[in-house]
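First listed ligand is number 1; within each ligand, the first listed atom is number 1.
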Amino acid sequence: MGENKRATLGGRLSAVLVAAGSAVGLGNIWRFPYIAGENGGGAFLVIYIGCILLLGVPVLLAEFTVGRHTHKNSVGAYRLLSKKWSFLGYNSVISSLLILGFYFVVSGWTLEYFTSSITGAISEYSSSVVNAERFADFTTDPVRPVIFTVIFALLTHVVIALGVQKGIERSSKLMMPILFVMLVVLAIRSITMPNGLEGLKFLFTPDFSKVTAKTFLDAMGQAFFSLSIGLGCMITYSSYFNDKTNLQNTAYNVVILDTLVAVLAGAMIFPAVFSVGIEPTSGPSLVFVTLPSIFNTMTFGSLWSAIFFLLLILAALTSTISLHEVLTVYLNEEWGISRKHAARCVTLVTTLLASASSLSLGVWGDFKICGLNLFDSLDFVTANILLPLGGCLTSIFAGWVLNKQILRDEISDHGRLKARLFGLLVVLLRYVCPTLLLSIFLYNLGLFTL
Ligand code: PHE
């Protein structure tokens with residue numbers, strides 16, 4: 001069913017940039033700094049890097065293996081390898097849908113902050129208090145955030161409708177380098193602010209007295225969210241890799257780029273925060289409330305602010321594209337709907353869900369699921385339950401169920417590459433990842449406390 005000939009990505013660079021495009025997103029620039037800020041900075045960074053190496057790399061390689069070996073959407077890929085495990089493919093489809101339900105909303109906010117920076121409106125809000133009010137007024141408004149959410153969904157749609165090569169591949173190749181340059185420029189600007197080095201110290205000096213059991217759990221969840229693993233997104237993208245793509249190198253490059261962007265985002269945000277004497281623990285509003293007040297103290301503040309929010313838009317867009325693609329190619333290949341129609345259905349359904357979740361921050365706030373509004377429950381269910389569960393099951397599948405020869409063939413490129421760490425990979429997939437991930441999963445469900 002679906003298209004007879006499947007798209008494949010051009011070269012090695014495309015594979016890395018497309019996968020890094022999915023990984024690098026609001027998770028790196030919005031979520032990482034505030035979670036690191038709440039968990040003591042440097043100590044969190046050390047634990048986070050440990051999680052990336054122990055959990056991130058093995059699960060990423062497992063997903064690459066499943067995708068590249070089958071060249072199918074996530075449901076089709078699991079079904080082909082083992083009928084019993086096709087439910088994991090559905091986990092991927094459901095998680096992608098639910099993540100888009102809140103990710104589009106936050107992406108819409110970045111669009112609004114960008115336009116307000118361009119028009120200069122943002123510079124009218126000078127103090128943190130006024131900024132916090134503005135943020136609250138905007139996000140709870142019944143109309144404006146919904147409009148920006150819809151615009152962002154349409155932007156994503158345009159890229160998906162252009163197809164894998166002309167849309168996804170080209171846009172990542174264009175946007176990723178721009179993103180990187182902007183991030184470096186902003187980090188330099190921030191570090192050179194008075195007292196800026198204090199922020200770097202906070203990021204790089206580990207103070208383990210701030211570490212609690214929750215720090216480890218936050219770091220694990222953040223590693224999964226940031227690498228886009230545990231929900232089949234990387235299965236979908238690697239299904240477009242060609243047979244010459246070196247999976248090991250691609251995985252290492254993606255992990256390095258993703259971590260580098262998170263660290264650079266920290267190096268951009270903390271020096272600025274310290275320079276104006278604000279606490280780095282202000283949580284999710286760090287980027288939308290704290291930073292704009294800092295920009296306002298700078299010469300050409302609106303310009304810096306515009307660059308920063310453009311950076312967030314590009315990072316968010318390459319991630320929403322990957323989530324949208326999981327759903328589009330699923331409908332296309334499994335339901336036999338043409339790619340165009342599939343993309344339209346996905347845009348329609350995700351836009352409706354995201355609009356409802358935006359409204360749940362304001363006028364529909366009374367509607368609660370287990371005490372949380374729709375926006376918060378989508379965030380909670382995906383990041384705290386579905387991703388760790390998906391990651392745990394993916395590692396069990398790759399470690400115990402999948403024919404070891406398939407794993408070895410894909411990782412070693414059919415014997416062409418050395419796979420010296422193959423034994424270690426199998427141990428990590430079989431024992432380490434499931435145990436660690438199961439504990440985060442049970443902890444998040446509140447089944448045990450630390
Ligand atoms: N990794 C993306 C980020 O850091 C979010 C994402 C999660 C994208 C899962 C796709 C799949 O923002």
Whether F375 and W109 hold their rings parallel, tilted or perpendicular, with breakpoints at 30° and 60°:
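It falls in the parallel class, under 30°.
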Would you call the rings of F397 and W85 parallel, tilted or perpendicular, taking 30° and 60° as the class edges?
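Tilted, since the angle between the ring planes falls between 30° and 60°.
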With a 6.0 Å cut-off on the ring centroids, do F295 and W304 count as close?
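No - the distance between ring centres of F295 and W304 does not fall below the 6.0 Å cut-off.
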For residues 144-176, pull every pair meeting ring-ring contact (aromatic ring centres under 6.0 Å, His included), keeping only residues two or more places apart or in separate chains.
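Matches after skipping sequence neighbours: none remain.
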What pairs of donor and acceptor atoms, side-chain ones from residues 258-271 against any protein atom, are under 3.5 angstrom apart with sequence neighbours left out?
residue, atom, partner, partner atom, Å
D258, OD1, N28, ND2, 2.8
D258, OD1, S226, OG, 3.4
D258, OD2, S226, OG, 2.7
T259, OG1, V255, O, 2.7

Return the set of residues passing side chain to side chain donor-acceptor pair (under 3.5 Å) with K173 (not counting sequence neighbours), or none when no residue passes.
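With neighbours one apart ignored, the set is S14.
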Within the protein, flag every N or O under 3.5 Å from an N or O of ligand 1, and note the pair and distance.
residue, atom, partner, partner atom, Å
ligand 1, 1 (N), S22, O, 3.3
ligand 1, 1 (N), A23, O, 3.0
ligand 1, 1 (N), F225, O, 2.8
ligand 1, 1 (N), S226, O, 3.0
ligand 1, 1 (N), S228, OG, 3.0
ligand 1, 4 (O), A23, O, 2.9
ligand 1, 4 (O), G27, N, 3.3
ligand 1, 4 (O), N28, OD1, 3.2
ligand 1, 12 (O), L26, N, 3.1
ligand 1, 12 (O), G27, N, 2.7
ligand 1, 12 (O), Y103, OH, 2.5

